[in-house]
Chemist: 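Okay, handing you the structure first.
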Amino acid sequence: MLGVYDYTVILTYISLWISIGGMMLSLNGHLDLAVLCLALSGLCDMFDGKIARTKKDRTEIEKRFGIQIDSLCDIVCFGVGPAIICYCMGMNGIVGVLILMFYVLAGLIRLAWFNVTEECRQDETTENRKCYQGLPITSMSIALPILVVLRPFLHCDFRIALHAMILLVGLLFVMDFKLKKPGNKTLSALVGVVAVAVVWTLRRRFM
C-alpha cells in the first residue's frame, strides 16, 4: 500500500478525521461541537511531531512523507475547517468571504513555504527548530475556541471581533518574523487553555 501507517502519523490522521467531522457538524448548525472538534484536532497536532521523533530509525522517505502529510492535514484542519466554521458563524457577507478566502490562501502559502524550507534545513542539520517563522497555522485551534468562549461577553460585537481575528491571523501567517517555539511549560498552559474552552463548550451545549 502507498503511504505510511505506523504510530508516527496516527495522530495526524486522527486530527484530520476529527476536523472533517467538525466541518460536517458546522454545516448542520452544530457550531459549538464544530469548535470543539477544532480544539481537539489542535491537541492532536501539538503532539504528533513529538511522537514521530521518538522513532529513531525513520527512513528519509518516511521523514519527508511526515512533513508533507502534516502540512496537507494542517491546511484542511486549520485552514479550510475554520473557514467553514466561521462562514457558518456569520462571515457570509462579501467582506467576510473575502477575508476567509485570504485566510485560507495565506495558510496555504505558509505551509508550502515551510515544506520547502524544512526539507532544505533537514538536509543540512538534524536539530529541531527552535523558532517558528511566522505564526503557525495551528494557532487557530486556540484562537477560535477562546473567542467563542468570550462570545457571551461580546454580544453584537462578536462578528466584528471574528472578522478582525481571522484577518489578523491570516496576515500573521505570511509575515516574516520569528516566534520562539513553546517549551513544555508553555505547551502545558496552552493545553490547559484549550481544555477550558472545550469544557466550557460542552457545558453550554449539554447543560
Side-chain angles (χ1 to χ4, degrees), residues 1-24 37-85 100-144 169-184 186-188 190-191 194:
M1 292 177 66
L2 299 177
V4 176
Y5 303 94
D6 60 25
Y7 75 93
T8 62
V9 292
I10 189 64
L11 270 186
T12 303
Y13 295 161
I14 291 173
S15 176
L16 179 67
W17 291 339
I18 293 172
S19 181
I20 292 172
M23 286 184 264
M24 293 177 179
C37 287
L38 175 62
L40 292 176
S41 184
L43 284 175
C44 290
D45 186 81
M46 283 184 183
F47 300 102
D48 61 356
K50 293 182 181 295
I51 291 175
R53 287 190 290 272
T54 62
K55 186 178 181 181
K56 303 302 181 182
D57 60 343
R58 282 191 299 166
T59 65
E60 193 62 31
I61 289 179
E62 286 176 329
K63 290 179 181 178
R64 292 178 183 270
F65 180 86
I67 294 172
Q68 298 298 328
I69 199 67
D70 187 64
S71 289
L72 289 170
C73 286
D74 282 354
I75 191 60
V76 176
C77 298
F78 312 112
V80 177
I84 292 176
I85 294 172
L100 291 174
M101 291 169 67
F102 165 74
Y103 168 83
V104 176
L105 177 60
L108 183 66
I109 292 170
R110 175 193 158 68
L111 289 169
W113 182 261
F114 170 82
N115 281 14
V116 172
T117 57
E118 181 63 12
E119 287 199 359
C120 293
R121 190 188 71 84
Q122 289 195 8
D123 288 338
E124 299 172 357
T125 179
T126 57
E127 290 185 2
N128 295 329
R129 283 181 181 264
K130 292 182 173 59
C131 294
Y132 295 113
Q133 188 176 11
L135 186 70
I137 191 171
T138 51
S139 301
M140 187 51 68
S141 66
I142 298 173
L144 187 57
V169 172
L171 286 170
L172 292 175
F173 285 164
V174 291
M175 289 182 66
D176 189 7
F177 67 95
K178 289 187 177 181
L179 179 66
K180 187 177 179 181
K181 296 189 74 170
N184 290 332
T186 305
L187 193 61
S188 298
L190 291 174
V191 171
V194 174

Chemist: Evaluate the side-chain proximity of Ile109 to Phe173: yes if any heavy-atom separation is below 4.5 Å, no if none is.
Modeler: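 Heavy-atom side-chain distance check fails, nothing below 4.5 Å.
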Chemist: For the atom pair CZ (Phe102) and CG (Leu105), what is the distance rounded to the nearest 0.5 Å?
Modeler: 7.5 Å
Chemist: Output the distance between atom CG (Asn115) and atom CG (Asp70), rounded to the nearest 0.5 Å.
Modeler: 8.5 Å
Chemist: Work out which heavy atom in Gly107 is nearest to a heavy atom in Ile75; give both atom names and the distance.
Modeler: C-CD1, 3.9 Å
Chemist: Output yes when a side-chain donor or acceptor of Arg110 lies under 3.5 Å from a complementary backbone atom of Gln133, and no otherwise.
Modeler: yes
Chemist: What closest approach, in Å, do Asp74 and Leu111 show between heavy atoms, and which atom pair accounts for it?
Modeler: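 Asp74 and Leu111 have their closest heavy atoms at CB-CD1, 3.9 Å.
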Chemist: Checking side chain to side chain contact (heavy atoms under 4.5 Å, CB included) against Ile51, which of Ile10, Thr8, Val9, Leu11 comes through?
Modeler: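 Per the side chain to side chain contact (heavy atoms under 4.5 Å, CB included) rule, the option paired with Ile51 is Leu11, out of Ile10, Thr8, Val9, Leu11.
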Chemist: Hey, could you give me the CG/SG distance between Leu40 and Cys77, rounded to the nearest 0.5 Å?
Modeler: 11.5 Å
Chemist: Report the distance from atom CD1 of Ile142 to atom CG of Leu38, rounding to the nearest 0.5 Å.
Modeler: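 Going from the CD1 atom of Ile142 to the CG atom of Leu38 covers 10.0 Å.
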Chemist: Testing the basics here: between Phe177 and Leu135, what is the closest heavy-atom pair and its distance to 0.1 Å?
Modeler: CZ-N, 3.6 Å
Chemist: Return the CE to CD1 distance between Met24 and Ile84, rounded to the nearest 0.5 Å.
Modeler: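 So the CE of Met24 and the CD1 of Ile84 are separated by 10.0 Å.
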Chemist: I want to check something: taking the side chain as every heavy atom from C-beta on, are Met140 and Val169 in contact at a cut-off of under 4.5 Å?
Modeler: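 Side chain of Met140 against side chain of Val169, heavy atoms only: contact under 4.5 Å found.
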Chemist: Quick one: salt bridge (Lys or Arg N to Asp or Glu O under 4.0 Å) pairs with a partner in residues 12-22, sequence neighbours left out?
Modeler: none
Chemist: Could you list the donor-acceptor pairs under 3.5 angstrom formed between side-chain atoms of residues 13-20 and any protein atom two or more places apart in sequence or on another chain?
Modeler:
unit_1	atom_1	unit_2	atom_2	d
Tyr13	OH	Val4	O	2.7
Ser15	OG	Ser41	O	3.2
Ser15	OG	Ser41	OG	2.5

Chemist: So which atom in Leu43 and which in Phe47 form the shortest heavy-atom distance, rounded to 0.1 Å?
Modeler: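 Leu43 and Phe47 have their closest heavy atoms at O-CD1, 3.2 Å.
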Chemist: Measuring from atom OG of Ser139 to atom CG of Leu172, what distance do you get when rounded to the nearest 0.5 angstrom?
Modeler: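 One finds 8.5 Å between OG of Ser139 and CG of Leu172.
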Chemist: Would you find a donor on one side and an acceptor on the other, under 3.5 Å apart, between the side chain of Ser71 and the backbone of Gln68?
Modeler: no
Chemist: Could you tell me which non-hydrogen atom of Phe78 sits nearest to which non-hydrogen atom of Ile137, and how far apart they are?
Modeler: CB-O, 3.4 Å
Chemist: Taking side chain as C-beta onward, heavy atoms only, is Val174 less than 4.5 Å from Trp113?
Modeler: no
Chemist: Which residues satisfy the side-chain hydrogen bond (donor to acceptor under 3.5 Å, both in side chains) test with Thr138, sequence neighbours excluded?
Modeler: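 Per chain and number, Thr138 pairs via side-chain hydrogen bond (donor to acceptor under 3.5 Å, both in side chains) with no residue.
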